[in-house]
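Structure first, then comments.
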Amino acid sequence: MDEYRANQVRDVDRWVTAQLPVPHGGAYLHTETVGAILDRLARLTACANAALSHESDWDLWFALERLAELAIAYEDLTHELSSGRRRLPRGC
């Protein structure tokens, strides 16, 4: 399963790299690739789903909060990437 996820992350990163505009010269470097962020979103979604039936209210709130924060950060990143204000790490 880990190998499958790693291949999916790589494929997403290659596709995203080919689609993005060239970033501005002073574009800030992001710390993760889009594929890594999507992988993390999937894991947090699975954790939040599991917390629905197995955890306390506090654990469910925490899982949903982490998921929501990452989703908002991902949305912000997509806008910054499309405008050229942010760039992704190389090596995809």
Side-chain angles (χ1 to χ4, degrees):
M1 186 59 140
D2 288 339
E3 183 180 346
Y4 174 78
R5 284 181 35 230
N7 288 335
Q8 293 297 312
V9 167
R10 184 200 63 222
D11 290 347
V12 167
D13 289 339
R14 287 179 177 169
W15 183 84
V16 167
T17 299
Q19 303 304 312
L20 287 176
V22 176
H24 301 270
Y28 292 105
L29 177 64
H30 194 70
T31 58
E32 289 181 285
T33 66
V34 171
I37 294 168
L38 292 176
D39 183 58
R40 209 156 40 106
L41 274 169
R43 283 184 291 141
L44 288 175
T45 299
C47 289
N49 191 42
L52 283 170
S53 58
H54 299 293
E55 306 292 335
S56 69
D57 288 342
W58 169 252
D59 292 330
L60 175 59
W61 177 87
F62 186 70
L64 291 173
E65 185 71 15
R66 288 179 23 203
L67 178 58
E69 286 176 349
L70 183 57
I72 291 167
Y74 175 72
E75 184 177 357
D76 291 344
L77 176 63
T78 60
H79 291 296
E80 291 176 342
L81 288 170
S82 64
S83 69
R85 293 181 307 181
R86 186 157 305 261
R87 60 188 172 91
L88 295 172
R90 294 180 192 221
C92 302

Can you measure from CG (D39) to CG (L44) and round to the nearest 0.5 angstrom?
9.5 Å
OG1 (T33) and CZ (R14) are apart, to the nearest 0.5 Å, by 12.0 Å
What's the shortest heavy-atom distance between P21 and S82, and which atoms?
CG-O, 3.5 Å
Is there a side-chain contact between L77 and R86 (heavy atoms, below 4.5 Å)?
yes
Can you list the steps and then say if Q19 with V16 is a side-chain contact (heavy atoms from CB on, under 4.5 Å)?
CA-CA 5 Å; Q19 303 304 312; V16 167; 5.8 Å; no
Restricting to side-chain hydrogen bond (donor to acceptor under 3.5 Å, both in side chains), what partner residues turn up for S83, sequence neighbours left out?
R85
Criterion salt bridge (charged side-chain N to carboxylate O under 4.0 Å, His left out) on D2 and R5, from CA distance to verdict
CA-CA 5 Å; D2 288 339; R5 284 181 35 230; 3.2 Å; yes
Is there a side-chain contact between R40 and R43 (heavy atoms, below 4.5 Å)?
yes
Going by heavy atoms in the side chains, are L60 and L52 under 4.5 Å from each other?
yes
Search all heavy atoms of A63 against all heavy atoms of A51 and return the closest pair with its distance.
CB-CB, 4.3 Å
Find the distance between CD1 (I37) and CG (L88) and round it off to the nearest 0.5 Å.
7.5 Å
In Å and rounded to the nearest 0.5 Å, what is the CG to CD distance from L67 to E65?
10.0 Å
OG of S56 to CZ of F62, rounded to nearest 0.5 Å, is 11.5 Å
Within the structure provided, determine whether L70 and R66 are in side-chain contact (heavy-atom separation under 4.5 Å).
no
W15: what forms a ring pair (Phe, Tyr, Trp, His ring centres under 6.0 Å) with it, not counting sequence neighbours?
none
Applying side-chain hydrogen bond (donor to acceptor under 3.5 Å, both in side chains), name anything that partners E69, two or more places apart in sequence or on another chain.
none
